[in-house]
Amino acid sequence: RARPALHNAHDVLAIELWLHLDLELPGNRWLAGHHTLLLITSWWYQLAHLTVTLVVLGLCYLRRPDAYRGARNALVLTNVVGLVVFYLYPVMPPRLLPGGGYVDTVAAAGFGSSHTGPVPADQYAAMPSLHLAWAVWTASVGMLLLARHRARLLWLLYPVVTAAAVVVTANHYVLDVVAGVAVAVVALLASRVQITLRRSRTARTQAPGTSGTQTVSSRYASTVASAVADGEPTATSPPTSATSSAPNPPGDGTKAATD
């Protein structure tokens, strides 16, 4: 995978150069000259990605169970799309480019050159940036959890800071960031469409004689109660048993009084 990943990385850089978006190298060199900021950015890259996402997912489950399924499905779809692209289009990150002049700031911060934790990571999974896809998802769900507070707008800073972190640490290209945002947006929209279609199917297949949670009998009862309250006479028939007695055969039963 190294050879196609290197070739694809050069293609990404060529497109960025044409678009004047090749910000990775100057940003990385600037960060390398600021040790304290280098440590903060590297820790952010390494830890915030998983920690913040899982915390928001848990809060959504606890505080907004009505929105949890859609949020969960969007996150799962984001990862599925990312894994498929990683397999079909491997891209070597800037920090691994031979002779690229990039500084692996995360390794310099003590996390090792592979940036792996308990689970080994794919070293050629730069495109799209799941760091950004997860950050956009997290910001969207975080704003939902704080829907009634102005502080919800602060969540917009989270993907912005993450985008800067993944680029200046030489872990992603600018186009990786764009692709990650696109994947998250598509996944969120797809989840919303799925929920809308499910609700529409539920409404169409609702049992006859029901409207929402009100049944025919409950509507009838409420109508009778309203009529009684208004002083209007009502004509109601007594409830009939599901099983009735068989009719008396001729000559049986009660006799006439003249016998």
Measure up the Y158 and W44 rings against each other and bin them: parallel (under 30°), tilted (30 to 60°), perpendicular (over 60°).
tilted

Fit a plane to each ring of Y45 and H172, take the angle between them on a 0 to 90° scale, and name the class: parallel (under 30°), tilted (30 to 60°) or perpendicular (over 60°).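 Y45 vs H172 ring planes: tilted.
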
So does [X] have more than 12 non-hydrogen atoms from other groups sitting under 6.0 Å from [atom1]?
X    : atom1 : result
R152 : CZ    : yes
H35  : NE2   : no
R192 : CZ    : no
R1   : CZ    : yes

Main-chain N/O of [Y] paired with [X] side-chain donor or acceptor, under 3.5 Å:
X    : Y    : value
H34  : W30  : yes
W137 : A71  : yes
Q194 : G70  : no
N171 : V167 : no
E16  : L175 : yes
N28  : V168 : yes

What's the spacing between [X] [atom1] and [Y] [atom2] if we round to 0.5 Å?
X    : Y    : atom1 : atom2 : result
T105 : L31  : OG1   : CG    : 5.0 Å
L144 : R64  : CG    : CZ    : 4.5 Å
D22  : Y173 : CG    : OH    : 12.0 Å
L13  : L21  : CG    : CG    : 11.0 Å

Quick check: do [X] and [Y] have side-chain heavy atoms less than 4.5 Å from each other?
X    : Y    : answer
M127 : P93  : no
R29  : E24  : no
S129 : V181 : no
W134 : L50  : yes
V141 : L57  : no

[X] versus [Y], closest heavy-atom pair with distance:
X    : Y    : value
A9   : L97  : CB-CD2, 3.8 Å
A165 : T169 : O-OG1, 2.6 Å
L130 : T78  : CD2-O, 4.0 Å
P90  : N8   : O-ND2, 2.7 Å
L25  : G101 : CD1-O, 3.7 Å
Y102 : P94  : CD1-O, 3.1 Å

If Ile, Leu, Val, Met, Phe, Trp and Tyr residues are connected whenever their side-chain heavy atoms lie under 4.5 Å apart, and connections chain through other members, are [X] and [Y] in the same group?
X    : Y    : value
Y61  : L188 : yes
V55  : L146 : yes
W18  : V174 : yes
I195 : L77  : no
L23  : I15  : yes

Only residue of V85, D176, V91 satisfying side chain to side chain contact (heavy atoms under 4.5 Å, CB included) with P128 is V85

Q | Verdict with reasoning, T138 to W155, per side chain to side chain contact (heavy atoms under 4.5 Å, CB included) | A | CA-CA 8 Å; T138 301; W155 273 112; 3.7 Å; yes

Any chance the side chains of R95 and Q123 put a donor and an acceptor closer than 3.5 Å? yes

| request: Starting from the C-alpha separation in whole Å, work towards a yes-or-no answer on side chain to side chain contact (heavy atoms under 4.5 Å, CB included) for W43 and V106. | output: CA-CA 8 Å; W43 277 84; V106 177; over 6 Å; no

Exercise. Using the side chain to side chain contact (heavy atoms under 4.5 Å, CB included) rule, take T53 and L75 through it: C-alpha gap first, then chi angles, then the decisive distance, then the call.
Key: CA-CA 10 Å; T53 303; L75 185 59; 4.2 Å; yes

Next item on the list: Show the numbers, then the answer: is there a side chain to side chain contact (heavy atoms under 4.5 Å, CB included) between V166 and V177?
Entry: CA-CA 8 Å; V166 301; V177 170; 3.8 Å; yes

